[in-house]
Amino acid sequence: MSANKWSLRDVIFIALIGVFFGFIFWAWAFGYNVIAAFLTPFGLSAYANDATLGPWLMAGPMAGFILRRPGASIIGETLGGTIEMVFGSQWGVMNVVSALIQGFGTELGFAVFGYRRWDKTSLSMSVITVTIVTFIWDLFRNGYADYSFGLLIGLFITRLISAAIFAGVIVYFTQKLVAKSGILEVNKTRWSHDIKYCGPSIADDS
């Protein structure tokens with residue numbers, strides 16, 4: 001099987017990721033509202049978006065890092081955003097637009113290594129790229145361009161930490177569990193192939 005050919009199991013798996021995270025995204029919006037309301041009296045409402053962004057970034061790296069297919073991160077994240085909108089998100093169609101941008105940001109991290117390296121380094125790179133891409137988007141979409149330089153630095157660091165926890169650490173250990181479970185036998189073969197021919201693999205990481 002071609003390394004870039006999608007199997008039926010891959011398609012089903014990424015669809016499940018989209019539906020599962022679509023629900024998580026929708027539910028997390030209530031968490032965002034609570035956190036934003038809590039921070040507002042302290043003059044920290046601007047931090048709500050960045051502190052809570054991590055969970056909304058998970059579908060892309062989860063799909064890309066487990067399936068190891070070019071485009072999987074964009075598809076997984078966009079599906080999640082679409083399902084969130086269907087559930088009745090407060091942001092409507094902008095969920096899909098934001099998800100597409102988030103998926104693109106994650107995809108860049110894996111593309112840097114030509115989709116040939118799937119380990120802590122490539123996952124960390126995806127965290128960095130999605131943080132940068134989404135932050136640039138918010139400069140225009142959410143008025144970040146009007147903030148002071150000091151506030152922007154604080155917001156960026158907050159976003160990076162949130163992304164690292166949810167789109168990095170949690171995704172990494174979830175992939176470990178999936179690999180051990182044998183849910184995706186085809187991908188286990190591909191992971192072994194990566195170890196032999198494509199440099200360091202996540203399977204090598206302790």
Side-chain angles (χ1 to χ4, degrees), residues 4-36 48-111 115 118 122-123 125-144 159 162-168 170-172 174-175 177-178 183-184 186-187:
N4 292 326
K5 185 177 180 181
W6 288 66
S7 68
L8 177 60
R9 188 174 299 185
D10 292 335
V11 174
I12 293 174
F13 191 77
I14 201 169
L16 290 175
I17 287 177
V19 173
F20 175 77
F21 279 103
F23 175 77
I24 296 298
F25 293 168
W26 171 79
W28 184 235
F30 296 99
Y32 162 80
N33 291 334
V34 171
I35 293 173
N49 181 53
D50 297 87
T52 62
L53 187 63
W56 274 302
L57 301 176
M58 291 181 68
M62 193 72 74
F65 200 55
I66 292 178
L67 294 178
R68 305 189 171 189
R69 303 290 195 191
S73 293
I74 293 179
I75 295 172
E77 191 71 35
T78 304
L79 278 175
T82 302
I83 296 300
E84 179 186 7
M85 179 186 68
V86 171
F87 274 123
S89 167
Q90 64 196 52
W91 294 288
V93 72
M94 287 309 300
N95 278 113
V96 181
V97 178
S98 294
L100 180 62
I101 292 171
Q102 292 161 3
F104 172 73
T106 298
E107 194 80 34
L108 282 179
F110 298 127
Y115 299 103
W118 303 97
S122 60
L123 184 59
M125 179 59 72
S126 75
V127 167
I128 293 172
T129 55
V130 75
T131 299
I132 294 173
V133 169
T134 57
F135 200 78
I136 292 174
W137 165 246
D138 278 331
L139 284 173
F140 302 97
R141 167 64 183 170
N142 290 321
Y144 278 34
R159 178 174 303 216
S162 182
I165 293 172
F166 291 95
I170 294 178
V171 168
Y172 174 79
T174 300
Q175 188 277 331
L177 292 175
V178 171
I183 294 174
L184 295 176
V186 173
N187 295 74

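Quantities reported herein were computed from a predicted structural model and do not represent experimental measurements.
Scanning for ring-ring contact (aromatic ring centres under 6.0 Å, His included) contacts around F110 gives W118, with sequence neighbours left out. Listed by chain and number, the residues in a side chain to side chain contact (heavy atoms under 4.5 Å, CB included) with N33 are Q90 (sequence neighbours excluded). Not counting sequence neighbours, the partners of F30 by the ring-ring contact (aromatic ring centres under 6.0 Å, His included) test are W26. Under the rule for a side chain to side chain contact (heavy atoms under 4.5 Å, CB included), the partners of A36 that lie at least two apart in sequence or sit in another chain are Y32, A48. With sequence neighbours excluded, the residues satisfying side chain to side chain donor-acceptor pair (under 3.5 Å) with T134 are R159. Every residue two or more places apart in sequence or in another chain was checked for a ring-ring contact (aromatic ring centres under 6.0 Å, His included) with F104, and none qualifies. In this structure, the side chain to side chain contact (heavy atoms under 4.5 Å, CB included) partners of L8, at least two apart in sequence or on a different chain, are I12.
In this structure, G64 and A72 approach most closely via the heavy-atom pair CA-CB, 3.9 Å. Of all the heavy atoms in G54 and S162, the pair that sits closest is N-OG, 2.8 Å. The two residues R69 and K5 have their closest heavy-atom pair at NH2-O, 2.7 Å.
No side-chain donor-acceptor contact under 3.5 Å links R68 to the backbone of Y115. The closest donor-acceptor contact from the side chain of T129 to the backbone of G105 lies under 3.5 Å. The backbone N or O of G71 lies less than 3.5 Å from a partner atom in the side chain of E107, making a donor-acceptor pair. Side chain of D10 to main chain of S7: a donor-acceptor pair is present (N/O by atom type, distance under 3.5 Å, no hydrogens or angles). Looking only at distances, a side-chain donor or acceptor of W28 sits under 3.5 Å from a matching main-chain atom of T52. Counting only distance, with no hydrogens or angles, the side chain of S126 and the backbone of T106 share no donor-acceptor pair below 3.5 Å.
Interatomic distance, CG of D138 versus CG of D50, reported as 7.0 Å (0.5 Å rounding). Here the CE-CG distance, from M62 to L57, works out to 11.5 Å after rounding to the nearest 0.5 Å. Atom CE in M58 sits 6.0 Å away from atom OG1 in T174 (nearest 0.5 Å). Going from atom CD1 of I14 over to atom CZ of R9 covers 15.5 Å, rounded to the nearest 0.5 Å. Between the OH atom in Y172 and the CG atom in L123 there is a gap of 9.0 Å [rounded to 0.5 Å].
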List, one per line, each side-chain donor-acceptor pair under 3.5 Å for residues 76-89, sequence neighbours excluded.
from, atom 1, to, atom 2, distance (Å)
E77, OE1, A59, N, 3.4
E77, OE1, G60, N, 2.7
T78, OG1, I74, O, 2.7
T82, OG1, T78, O, 2.8
E84, OE1, N95, ND2, 2.8
E84, OE2, W56, NE1, 3.4
E84, OE2, N95, ND2, 3.1
S89, OG, W91, N, 3.1
S89, OG, N95, OD1, 2.5

Side-chain donor-acceptor distances from residues 18-25 under 3.5 Å, at least two apart:
none

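Between F135 and L53 the shortest side-chain heavy-atom distance does not fall below 4.5 Å. Residues I17 and F13 are in side-chain contact: their nearest non-hydrogen atoms beyond the backbone lie under 4.5 Å apart.
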